[in-house]
Amino acid sequence: MLDKTYDAAGVEPKIARRWDDANAFAAGAGAPEGADSYCIVIPPPNVTGSLHMGHALNNTLQDVMIRFERMRGRDVLWQPGMDHAGIATQMVVERQLMERQEPDRHAMGRDKFIERVWQWKDESGGMIFNQLKRLGASCDWSRERFTMDDGLSKAVTKVFVELYREGLIYKDKRLVNWDPELQTAISDLEVEQVETKGHLWHLRYPLADGATYEHPYMLDEEGNKRDWKPSDGEPAGHETRDYLVVATTRPETMLGDTGVAVHPDDPRYKSLVGKHAILPLVGRRLPIVADEYPDPEAGTGAVKMTPAHDFNDFEVGQRAGLAAVNVMSVDGTIILKENKAFLEGLESTSELAETVSTLDGEDRFHAREIIVERLEAAGLLDHIEAHTHMVPHGDRGGVPIEPYLTVQWYANAAELAKPAIASVREGRTQFVPKSWEKTYYDWMENIQPWCISRQLWWGHQIPAWYGPDGTIFVEHSEAEARAAAAAHYGKSVDLNRDEDVLDTWFSSALWPFSTLGWPQETPELKKYYQTDVLVTAFDIIFFWVARMMMMGLHFMKDDKGRPLEPFHTVYIHGLVRDKRGAKMSKSKGNVVDPLELIDEYGADALRFTLSIMAAQGSELKLDPGRVAGYRNFGTKLWNATRFAQMNGVAHDPDFDPAGAKLTINRWILTELSRTSGEITTGIEKYRFNEATSAAYRFVWNLFCDWYLELLKPVFTGEDEAAKAESQACAAYVLDQIYKLLHPFMPFMTEELWTLTAKRGQLICHAPWPVAGFADDAAADEINWLVELVSQIRSARAEMNIKPSQIMNLAVVGADETLAGRLADHRAAIARLARLDAIETVDGPPAGSAQIVIGEATYCLPLAGIVDLDAERARLAKELARLAGETARLEKKLSNDKFVANAPDAVVAEEREKLAEYQAQQARVQAAFDRVSAAG
RNA sequence: GGGCGGUUAGCUCAGCUGGGAGAGCAACUGGUUUACACCCAGUAGGUCACAGGUUCGAUCCCUGUACCGCCCACCA
């Protein structure tokens, strides 16, 4: 006999071990020979990561599909693995070194440091896999991959070399997003815009060579001058100025100014184009250039140009031929003293000397203060405006990034994106929900070159070697590079390998084929690529999904040699938020730890909750109370099984649903079939909430609430044949329930499957239920029964009749069919509605509560039990409801336009409804009249 | 600035192809009947954000407004 409640904490590890021992999730386990393949590659968690709610959702949904397809007989592989997470991992190990007061990585040296990271990985990395196992994730754990494995590293090298040779990877000197904290370049995607309260400093740049211009102004209501804009029309007046006012949010970059730009049509500055301004504190002559970029309506219309420290200025500088003067070093400090580009062409003055001596080596933010102070002292600070704007920050380092002029490696993303865009346009890969396709296109169609080099140590070192004269040799190995160099130079030379590593996402982009063995032509690669569905949250569509599309399409081909997408479907699920809708974050302290929920309620309860909440296109607001609710659902199923066992319900291999005779059995088999159809369709269509809800409804509201209750009189009755059939049928239905619930609640269902019979296989390999049983007549009959019992219960409650009060039922207007049904289900009705005698009569007994269902009126004699006023009130309420319904339908049907325009079927349906309501109304009215007469 | 999504019961949300709206939780009333109090039976609760439009008919389609959320973006 089962325990009264299910002990998740005890059962789950036991079941996990059983799966493990049976190697139940190995690729293709349980599948028949030649079965169609089904493959999902896991979004590789960071090696540093631990399971959070997003992982729990993401992997629950994948596991639902994987277990479902495995049971459907597909040859399934859920490919697990981890990402080396370059920056994150390097940071973790560096922090550890610091905490232990060991030498830092620079003191340690590159090789030793990398060795140290591997050591860390072996000792502490990959915690998350055990946590995924606790969640029940049925990955083929024997195939675990790591992006830094030898095999995957070979794939990375091959991809790099080939793309380089095709010209799709190249080196370029341009501005990158530089993280001064981590001292590496990062890609556009790793930049986060953070709203920051700052200032707009308006600076006066004196005009060179004694030039002046007439500056227009407007007057405000109090008669104060303010800046004129072209949209103001006629200016209020002009003043002669020998300086320009420019505005900046970053005064420290002014040291690198090499020009001032104005719009060519701006009337204020037309006369100044071609002249020069003088850069304060430095003394550089700044050409005033015309360019379309400045907006005459914004600020003063004149923009200082710092091509080495601003993306826009860089472009203007290129167009206008302005020099790019870098004034910062890699850590964000100002560098002037040894800075040739800066000093070149400058007149040596005491002002410049002071600038160099006070600012050289200063941190960029401190330099800002010094510069503002000095400008103010010099009378060149026009005014300061409070200004809130978006400041780009590095998403890992957390400090403002610096646009920085360096040489980096780039991938030609625009070219690689073309086929990736076409695949989605032409439907070969589909997003679910479809609305994400627009986001994908918007990004892909405006994609910028992808900066793939990182100035880190932990990662795939770029396979490029430099000869003495700087010639680049991109090869698969150092030996090949040497050979290539020897051929190039005609002798062997010393080579230096590029120090940089690749962006972590470069290797992740290869995940769907590198994990399957590529570049080797493994059987797994052949069988499982193209994979089926990729499951992820929207936040990594750009980082990962788009790049997998690019790389997959570039390197993988189908049998006919056509590019083959890494997956045919991308399912995008929502983010998990706290119950109030806020993003979970450590700093807010609202993080719900999935492992704590698993400890408290079990993995099945958590999975069921996440699945039932996973409606397409919506975010999940997780209230731990819901998890408790679905834990209760598990207990309910557990107890239903317990009840069944008490009543001799046992698996009968010979039970054939088609041969079932009892109406209740044929009814529950009909409902079961309908439900298994709903669950199947729900999972197929990625409507996990619908699949899960259908299971919940069937198990609790049909199977437990009605079927088991209806079986109680059968089990206690005398009809042995009926009993035997029902025992076998109930066992059969329970078996199907376990299977249907298995993708959502794998642990409990495996346990129940094992406990309830000797089985030839694990439930995770058992065949998925097929819908196919339908008996509408049985369904009608039990639906009538349910309606009758519910109505009697409702009437009794409204009349305040105690449950312990057993009543009689007299049925007026019963035809032969109804009389037969009443006889057949007498015991069940009596039990569920707390009745004793049930008889058909010609007229209603005096003083009854009367319930009208269909043709018949069901009377509960009330004499001496309750007052008739309550019954009158009850019937009056019912009459009012019916009157409302009939009035609505009459109005609708008397509308000629409705009758003329609506489809015939709809009109007929509405007529039928009206007739039914009218008949019902008449019967209830008669009942009401009788009570009134009696009272 | 551009884009996407949301607004339905006290709360969290479903509602797919237009034909007078559902669930879970919470609330309230009652309860020990062959499992289950992590339970059972019952009750109440809605101007489907607002304003127009299309339609015989709109929670659903269209337009606009308000509020909320998110993503992207170079405003100095």
Side-chain angles (χ1 to χ4, degrees), chain A residues 2 4-6 193 200 246-250 261 293-295 297-306 310-315 387 389-390 392 403 433 435-436 438-439 442-443 446 538-539 541-542 575 577 579-581 583 601 605 612-613 615-623 625-626 628-647 685 687 689-690 693 696-697 701 704-705 708-709 711-713 715-716 790 793-798 800-804 831-832 834 884-885 888-889 892 895-903 905-907 909-910:
Chain A
L2 301 178
K4 206 166 161 181
T5 54
Y6 167 73
Q193 303 291 338
L200 204 48
V246 295
T248 181
T249 54
R250 308 189 53 211
Y293 164 65
D295 175 3
E297 288 295 320
T300 63
V303 186
K304 67 193 250 330
M305 286 294 120
T306 323
D310 183 284
F311 288 100
N312 291 310
D313 295 4
F314 183 76
E315 284 178 22
H387 184 62
H389 61 139
M390 303 297 266
S435 52
W436 288 107
K438 187 171 164 47
T439 307
D442 285 351
W443 189 69
N446 297 297
F538 64 82
D539 53 347
I541 291 178
F542 305 143
L575 296 179
R577 298 169 174 275
K579 64 177 173 185
R580 307 216 322 269
K583 233 178 192 165
Y601 302 112
I612 208 165
M613 288 176 50
Q616 275 183 20
S618 72
E619 314 247 300
L620 284 77
K621 290 183 201 157
L622 186 70
D623 176 357
R626 293 279 299 257
Y630 295 116
R631 182 272 321 266
N632 296 354
F633 172 70
T635 308
K636 184 79 181 173
L637 175 64
W638 183 262
N639 277 300
T641 299
R642 206 163 144 256
F643 170 77
Q645 283 194 335
M646 289 171 168
N647 286 284
K685 297 241 153 95
R687 298 179 181 276
N689 60 322
E690 293 179 11
S693 302
Y696 184 97
R697 257 194 321 271
N701 303 121
C704 291
D705 287 350
L708 292 184
E709 293 301 326
L711 284 186
K712 283 177 181 175
F715 289 149
T716 53
S790 300
R793 282 172 171 171
S794 175
R796 290 179 55 122
E798 272 183 71
N800 293 318
I801 296 167
K802 288 238 167 297
S804 53
R831 177 191 182 84
L832 295 179
R834 319 282 303 147
E885 296 287 353
R888 179 175 65 77
L889 289 168
K892 196 173 194 177
N895 180 349
D896 295 339
K897 287 183 183 160
F898 171 71
V899 178
N901 294 320
V906 172
V907 177
E909 200 180 311
E910 298 292 296

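Keep in mind that the numbers below use all heavy atoms, side chains included, and drop hydrogens, waters and symmetry copies. Proteins get letters first, then strands, A, B, ... in listed order; numbering begins at 1 in each.
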Most 5' of A:Lys712 and A:Phe633 on RNA chain B, judged by nearest nucleotide | A:Lys712

Would you mind telling me which residue lines up with the more 5' stretch of RNA chain B, A:Arg626 or A:Phe538, judged by nearest nucleotide?
-> A:Arg626

Would you give the length of the straight line joining atom CG of A:Asn639 to atom CG of A:Leu2, rounded to the nearest 0.5 angstrom?
-> 8.5 Å

Base, sugar-phosphate or nothing for [X]? Non-hydrogen atoms, less than 4.0 Å.
X	value
A:Glu909	nothing
A:Gly629	nothing
A:Lys438	sugar-phosphate

Spacing of A:Leu889 atom CG relative to B:G20 atom P, expressed in whole Å | 9 Å

Value in whole Å for how far the P atom of B:A23 lies from CZ of A:Arg697 = 10 Å

Nucleotide-resolved protein contact map, nucleotides 54-62 of chain B, B/S/- at heavy-atom distance under 4.0 Å | --B------

[options]: which one has an atom nearest the side-chain heavy atoms of [X]?
X	options	value
A:Lys4	B:A37, B:A76, B:G19	B:A37
A:Met646	B:A35, B:G24, B:C75	B:A35
A:Gln193	B:G5, B:C74, B:G31	B:C74

Among A:Tyr6, A:Phe643, A:Phe633, the one residue meeting ring-ring contact (aromatic ring centres under 6.0 Å, His included) with A:Trp638 = A:Tyr6

Restricting both atoms to N or O, compile the protein contacts to nucleotides 40-44 of chain B shorter than 3.5 Å, with distance only.
| residue | atom | partner | partner atom | Å |
| --- | --- | --- | --- | --- |
| B:C40 | OP1 | A:Lys636 | NZ | 2.9 |
| B:C40 | OP1 | A:Trp700 | NE1 | 2.5 |
| B:U43 | OP1 | A:Ser794 | OG | 3.1 |

Distance-only donor-acceptor test (3.5 Å): side chain A:Arg631, base B:C38 = yes

Base B:A35 to side chain A:Glu709, donor-acceptor N/O within 3.5 Å cut-off = yes

